[in-house]
Amino acid sequence: MKNRGFSPFRFLTYLLVIGAYAALQVLQARSELSATMRGMLVPICAYVVMAVSLNLTVGVLGELSLGHAGFMSVGAFLGTSTAIALQDRIPVAGVRLAVALVVAAIFAAVAGFLIGIPVLRLNGDYLAIVTLAFGEIIKAIFNNLYLGVDAKGVHVSLLEDATNTAETGRLIIQGPMGIGGIQKISTFTAGFVLIMISLIVIFNLVNSRAGRAIMAIRDNPIAAQSVGVNVVKYKMMAFVVSAALAGSAGALFAMNYSTVVANKFDFNTSILILVFVVLGGLGNMFGSIVAAAVLTILPEALRPIAEYRMLLYAVLLILMMLIANHPFVRGLFNRFKRTGQIQLEAGADETEGEVA
Amino acid sequence: MNFIIQFVNSLTSGGGGYQLLNHIINGISLGSVYAIIALGYTMVYGIAKMLNFAHGDVIMVGAYVCFYAFNAMKLPEPLAMCAPLLAVCAAVVVCTLLGVGIEKLAYKPLRAAPSLAVLITAIGVSYFLQNAALLLWSSSPKVFPSFFVIRTTDADGESVVLRSVQLGAVSISYVTIVTIVSCVVIMLWLTWFTGRTKMGKAMRACSEDKAAAQLMGIDVNATISLTFAIGSGLAAIAGALLCSAYPNLVPTTGSMPGIKAFTAAVFGGIGSIPGAFLGGLLLGVLEIFAKAYISVQLSDAVVFAVLIVVLLVKPTGLLGRAIREKV
């Protein structure tokens, strides 16, 4: 059995993130980054956190989730609302951002727990379809949610604005209009810190007793149960941690823009993040980070060919999967792995068929 | 005929009853479209064990082909009645070829690959079809022609266009009738095909155990291609029916019905043909009811919530077979 997620390249991963951060900071200081690139730094950070957190569910726990954007949505809306509500109380933007990210993580974790109760009873494709369903439900709810804050407290209503928010207060979430007038307090440094925290959390979880239990469940749930692993507990642990990190990523993402709407976090976003995870390699955090960064930049880099870029993106996606799974290429990878020199593709081993 | 009208009248004597019956008919009509799409999903899943996310986009391609074929056709008067049928046939042919082509190019090389790799490839194909449609046919919505109408002349000799038939207090549009009838016909044909014909039996054998089927002399690759061909052909029909009822055609038209039909297939028990039929119908009725009685905006949420509850009570769907895990 190969220990997927139990990567010896843990420190390489930290080094990559720190190195990339330092390099980009230097480039930014010497103003050698284009405006588009600068605008993409925070979204890249958010997508990297989304990818590593989904990798915890899909790669380490081995359950396919098609609703990860739902947790991002919870974090984005409730984290941003918190930041707006606290705008006067906490004047320092950095502290406010930190508080918002923590609140977002807590709400997303609660959502993850509530969703986990029914979801984790199911297996395989049925679990996948239920996560998809929850993603759509969360989208529908935030599309119709009104949330106002005034001196009397927080008011919430569904479908129409019945919050009766006082004139002095502020209607923060406005149904299908989402949240408008957000102060852009997300910074690249905050994104970097969030990535580092996510990596520390995930690597420490994966390399702990709990992490080994989670991977045992992935490899064979019945065997794991028979040696006394509490399947529900550890599945829930992985799912909730994954949701919490996705929530913070959502808040970070949302506060990089002036408006946020629920339709941004739809099925396509969930799929996009799943693409990062699968291309990066299941259980391979290093791969997820690289895939998330490259695939977020790729459509922008392809901009010169304008309307053909998404078509090319699709073709590249198909070709990458075809090449990575070509018998010849897989044989090559496996040979590298056997000599123990280079571990190129953690997702290409035999146990993977059990995942979906 | 008279007793049907009387029965309908008795049902519809109250205002609420009339509404209810209308909702049921609309629901069954929408559900029939979902069912046709779900049949494609479920057959492909049953045999190739893959979630073909590009299925929804094949619907969209079918609808576009149908649209252009219908507009390009200039048939002389007595043959004009056949134009919709010919357009749908053109769409079926194009989509069948498209489905087989996709399978050959994108999915076949991945037969031995992990299922997530196949899933991502299917997503890639879906992106490809959507963006190709965007380039070919632009993002501006096309208004789908009203196919299923009867053109006749009234008492004064003026030509009129009939869109619906009046049954007592309930008016049923021809689109609805055609949709429901085609769904039932397709369902019956598929049941006969998979149960009685040699190719259908080969299909079931492959979905049961590919290796054993091959040993019995069944050409597994040809059978999988055939499944994709049938699924995609059905998607073309579904596209034409969907756009006749909701005539707004854009490159993303297929994605939401695709997701809904996918949930319908799971709802009924994925891999099961009667399950897809039942799941599709129930999902359609549920959606229309949620729109009518709960909230238009929250209808999707209600549908998905019901799906979750059903899966919790019956984790393999309504008609799905429970597979016991061996230790």
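In what follows, chains carry the letters A, B, and so on, assigned in the order in which the sequence lines appear, proteins first and then strands, with residues in each chain numbered from 1. From a predicted model like this one, the values you see are computed outputs, not experimental measurements. Heavy-atom basis, side chains included; hydrogens, waters and symmetry copies ignored.
D300(B) contributes atom CG, which lies 10.0 Å from atom CD1 of I137(A) (distance to the nearest 0.5 angstrom). Put simply, CG on N131(B) and CG on L312(A) are 10.5 Å apart, with the number rounded to the nearest 0.5 Å. We find the CG-CG distance between L51(B) and L66(A) to be 8.0 Å, quoted to the nearest 0.5 Å. We find the CG-CZ distance between L316(A) and F128(B) to be 11.5 Å, quoted to the nearest 0.5 Å. One finds the NZ atom of K139(A) at 8.5 Å from the CZ atom of F304(B) (value rounded to the nearest 0.5 Å). The distance from atom CD1 of I129(A) to atom OG1 of T263(B), rounded to the nearest 0.5 Å, is 5.5 Å.
Heavy-atom minimum distance, Y127(B) versus I271(A): OH-CG2, 4.1 Å. Minimum heavy-atom separation, L322(A) to A106(B): CD2-O, 3.4 Å. The two residues L298(B) and A140(A) come nearest to each other via the heavy atoms CD2-O, 3.8 Å. Residue A132(B) comes nearest to L311(A) through the heavy atom pair N-CD1, 3.4 Å, listed as atom of the first residue, atom of the second, then distance.
For NZ of K314(B), the number of neighbouring non-hydrogen atoms (other residues, nucleotides, ligands) closer than 6.0 Å is greater than 12. For M256(B), the CE atom is densely surrounded, since the number of other residues' heavy atoms within 6.0 Å is greater than 12.
Note on S255(B), P109(B), A113(B): by heavy-atom pairs under 4.5 Å with chain A, the leading option is A113(B). Interface summary for chain B: among L317(A), I141(A), V277(A), the most heavy-atom pairs under 4.5 angstrom belong to L317(A). Most heavy-atom pairs under 4.5 Å with chain B: of the set N143(A), V119(A), L319(A), L274(A), this distinction falls to L274(A).
For the side-chain contact (heavy atoms from CB on, under 4.5 Å) with I318(A), the qualifying choice from T121(B), L105(B), I102(B), L110(B) is T121(B), the only one to do so.
The ring-ring contact (aromatic ring centres under 6.0 Å, His included) test applied to F289(B) returns Y293(B), not counting sequence neighbours. Shown here are the ring-ring contact (aromatic ring centres under 6.0 Å, His included) partners of F239(A), two or more places apart in sequence or in another chain: F71(A).
Residue contact with chain A, scored on non-hydrogen atoms closer than 4.5 Å, involves the side chain of I259(B) exclusively. The contact between L307(B) and chain A is made entirely by side chain atoms (from C-beta outward), counting heavy-atom distances below 4.5 Å. At a 4.5 Å heavy-atom cutoff, the contact between L135(B) and chain A is made by side-chain atoms alone.
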_Audit row: V58(A), L116(B), side chain to side chain contact (heavy atoms under 4.5 Å, CB included) steps and yes/no_ = CA-CA 10 Å; V58(A) 180; L116(B) 261 183; 3.7 Å; yes
Show your reasoning for whether ring pair (Phe, Tyr, Trp, His ring centres under 6.0 Å) applies to F262(B) and F267(A).
CA-CA 13 Å; F262(B) 170 40; F267(A) 177 63; 8.1 Å; no
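Side-chain contact between L119(B) and L64(A) is present, with at least one heavy-atom pair separated by less than 4.5 Å.
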